[in-house]
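In this text the structure is predicted, and so the values were computed from the model without any measurement. Below, chain A is the first sequence line, B the second, and so on; all start at residue 1.
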Protein chains: 2
Amino acid sequence: MTLRKNDGVPTISDVAAGARVSRSTVSRAFSRPELINPSTVELVKKIAAGLGYVPNHAARALSTGLHGNIALIVPDIENPFFPPLIRAVQTSADMDGYSVFIGDSDENSAREIKLADRLINQVEGFVLASPRTGQQNIVALNQRRPVVAINRDIRGIPRVLIDPSTGVSDAVAHLAEFGHRTIAYVSGPTASWSDQQRRLALCRAGLKCHIKIRLIAAERPTFDAGVHTVPAVLRSGATAAIAFDDFMAHGLLSGLADHGISVPERFSVIGMDDVLGASTFPALTSVSARCDDAGRIAVQLLMGALRGESADTRSVLRTQLVVRATTGTVSHRKM
Amino acid sequence: MTLRKNDGVPTISDVAAGARVSRSTVSRAFSRPELINPSTVELVKKIAAGLGYVPNHAARALSTGLHGNIALIVPDIENPFFPPLIRAVQTSADMDGYSVFIGDSDENSAREIKLADRLINQVEGFVLASPRTGQQNIVALNQRRPVVAINRDIRGIPRVLIDPSTGVSDAVAHLAEFGHRTIAYVSGPTASWSDQQRRLALCRAGLKCHIKIRLIAAERPTFDAGVHTVPAVLRSGATAAIAFDDFMAHGLLSGLADHGISVPERFSVIGMDDVLGASTFPALTSVSARCDDAGRIAVQLLMGALRGESADTRSVLRTQLVVRATTGTVSHRKM
DNA sequence: GTGAAAGCGCTAACAC
DNA sequence: GTGTTAGCGCTTTCAC
């Protein structure tokens, strides 16, 4: 009965003693069993199982430099865009034998860095989802540990980008078919990569379909912002609106109802990200962002980077219009 | 220029060399600065900052046994019940200086155990949210590392329980005031602790208010299950339904609409967990579960357990009825 | 107040 | 095939 600090949890030495072999043999029985006599392996594993021995990752990491962990940092776990992504990252990482740290930066650049610093010595690499911090910080981090960015286009950093253009252009075409000629874009945080992409895609699609795009700026992408922005949207002369995200779209729906304007009869609305599913009324037509794919691919890229592969991959995910019930034929009555 | 494995990331030795002190001094400058000459501390910290040195938790853990990590295991990250909880856990843990591993068990007992085993040597303790695994597994885990359970009532395991009874009894009283006399409960997974609690609370409230409760069993708590269960609900003679969760309630809403039954004029519906907010139509009356509080308190309990405090705390959170638009005066017309 | 040395649990040459 | 040894980055007696 040795007295040890690591109370209760058996170590490699305990197994070695039990199996009457050296510690290296135990180590190899787990990490490289092919080097060892099968009967020895079996014996070791039996003893280990009996003792409830599980290899200590932290200790292993100290000698190998491999922790078997990755970190995922997101700006806001509660934003419904992220849970599917988190889940996909966790599941994919698990299949590759990695555990995942989760960090919520609370939309805050400094916290993002702080979390990354805290974790840097326990992880093989990082997945930064929609990072809020400056490019130079990401590049610096990448010099210490491989980084994969989601929705941030930085040369030299493997990245997966959700490209709104296909979905948005389908959305515009869809509205054009219904006879709409002027569409309002209710923007999100204008500084964000996502908003820029969406705005750009929309303008391009508008040009192609000969549709006028009116930009309506809203500060924060919230339900309330959507509600409050309705008068401006109506003033713009648009007969349809595409919102930066589903929450704003939902707010628009509510604000329009307050103004007595029925959707889709007198006004059409399209959201983005498709995180509300069919739960709004009427069920919201939206551009789906496939955030789970983004997570899965991010892990693939990270695994590639860990194997020392191509350092500058740029994976672009297309989006897709999901038509539900908030879009319809343009109303020609004056509003 | 020493060649080292831990490429790029500075170690305590680098700082020691830079500051021309011993490694122990650097160590103490970070962990026990009061033992050290303030000017030395300052020097060391300056050098460390310049090098970008961050103490290596994994290495520290090897000698102290303290990793500065906890693990959070949930059955399904995408279930909107959990993101607020995850966020609260991460934020609280961070304030106590802990990083958090996230694991998604996919509603699967075996995966729950597998995740816990993988992590056991890297964490101080576990938060198990709505664990799906057997009680004996949880108890066994708790013998190796402190465990806090959420929504699982096991003696000897610190736990935080979301008690539906206040919210549910308010819900029943609310319906009773509107004249309802028979209420259907559309159940979730009958084996789950949550469903048992909710059913029980409902029956008790029914007794108190002289309301008949009809149990309608549904397998999985999904939107579709809610839709399909509508005929049975109507057959039961109930004029209102309380669903196991908001998704089923939302399904009921949709199914009722399909049957041409308007809500709340001819039928009232109440959900649980309040995860859909006001996004349904009509906006769903629901019993709010305050999952973020549960996460925060779970971390508090875990921190207590780590300090060796009271091993058998049982923290009960009350719930609250949020009245929106799906409840109203009972219709006396025959349906 | 600071340094030297041992050891946390494990892996990885290098022997045999 | 298996054991011996050194060392991963850090903390922690024990000296001085």
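A donor-acceptor pair is defined here as one N or O able to donate and one able to accept, closer than 3.5 Å; no such pair exists between the side chain of A:R159 and the backbone of A:I150. In this structure, the side chain of B:R118 engages the main chain of A:G97 through a donor-acceptor pair within 3.5 Å. In this structure, the side chain of A:D14 engages the main chain of A:T11 through a donor-acceptor pair within 3.5 Å. B:R152 contributes no side-chain N or O that, together with a main-chain N or O of B:S130, makes up a donor-acceptor pair within less than 3.5 Å. A distance-only check finds a donor-acceptor pair linking the side chain of A:D76 to the backbone of A:E78 [under 3.5 Å].
For the pair A:L62 CG and D:dG7 C1', the computed distance is 9 Å after rounding to whole Å. When rounded to the nearest whole Å, the span between CG of A:D14 and P of C:dC8 equals 11 Å. Atom CD in A:E42 sits about 13 Å away from atom P in D:dT2, given to the nearest Å. Whole-Å rounding puts the A:Y53 OH to C:dG9 C1' distance at 8 Å. Atom-to-atom, CD1 of B:I12 to P of D:dC8 comes out at 13 Å; the value is rounded to the nearest Å. Atom CG of A:L43 is separated from atom P of D:dG1 by 16 Å (rounded to the nearest Å). When rounded to the nearest whole Å, the span between CG of B:N121 and P of C:dC10 equals 7 Å. For the pair B:H67 NE2 and D:dC10 C1', the interatomic distance rounds to 13 Å; values are reported in whole Å.
Between the side chain of A:T64 and the base of C:dA12, no donor-acceptor pair of N or O atoms lies under 3.5 Å. At a cut-off of 3.5 angstrom, counting only N and O atoms as typed in the model, there is no donor on one side facing an acceptor on the other between the side-chain of A:R32 and the base of D:dG1. You won't find any donor-acceptor pair under 3.5 Å spanning the side chain of B:S27 and the base of D:dT12, going by distance alone.
When distances are taken from the side chain of A:I36 to each of D:dT2, C:dG9, C:dT2, the shortest belongs to D:dT2. Side chain of B:R28, nearest nucleotide from C:dT2, D:dG1, D:dG3: C:dT2. Taking the side chain of B:S63 as heavy atoms from C-beta on, and the options C:dC10, D:dC10, D:dT4, the nearest nucleotide is D:dC10. Side-chain atoms of A:N37 lie closest to D:dG1 of the nucleotides D:dC10, D:dG1, C:dT2. Considering only side-chain atoms of B:R23, the nucleotide from C:dA6, C:dT2, D:dT12 that sits closest is C:dA6. When distances are taken from the side chain of A:S22 to each of C:dA4, D:dG3, C:dG9, the shortest belongs to D:dG3.
Both A:R60 and A:V41 lie close to DNA chain D; mapped to their nearest nucleotides by heavy-atom distance, the more 5′-ward contact belongs to A:V41. Each of B:R20 and B:A59 was assigned the nucleotide of DNA chain C with the nearest heavy atom; the assignment lying further toward the 5' end belongs to B:R20. Both A:L35 and B:P55 lie close to DNA chain D; mapped to their nearest nucleotides by heavy-atom distance, the more 5′-ward contact belongs to A:L35.
An end-to-end axis angle of 40° holds for the helix from C:dG1-D:dC16 to C:dC16-D:dG1, taken from five base pairs per end and rounded to 10°.
Evaluated for a side-chain contact (heavy atoms from CB on, under 4.5 Å) with A:Q90, the options B:V74, B:D104, B:D106 yield exactly one hit, B:D104.
Among the heavy atoms of the strands, none lies under 4.0 Å from A:F30. Among the atoms of the strands shown, only primed sugar atoms or phosphate atoms (P, OP1, OP2) are found under 4.0 Å from some heavy atom of B:V21.
Distances shown here put every side-chain N or O of A:T11 at or beyond 4.0 Å from the OP1 or OP2 atom of C:dC8. The phosphate of C:dG3 has OP1 or OP2 within less than 4.0 Å of a side-chain N or O from B:T25.
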**Request:** Evaluate the criterion side-chain hydrogen bond (donor to acceptor under 3.5 Å, both in side chains) for residue pair A:S27 and A:S24; output intermediate values, then yes/no.
**Result:** CA-CA 5 Å; A:S27 170; A:S24 354; over 6 Å; no
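Salt bridge present: A:D293 and A:R296 bring a charged side-chain N and a carboxylate O closer than 4.0 Å.
The cationic group of A:K45 lies under 6.0 Å from the six-membered ring centre of A:F30 and within 45° of the ring axis, placing it in a cation-pi geometry.
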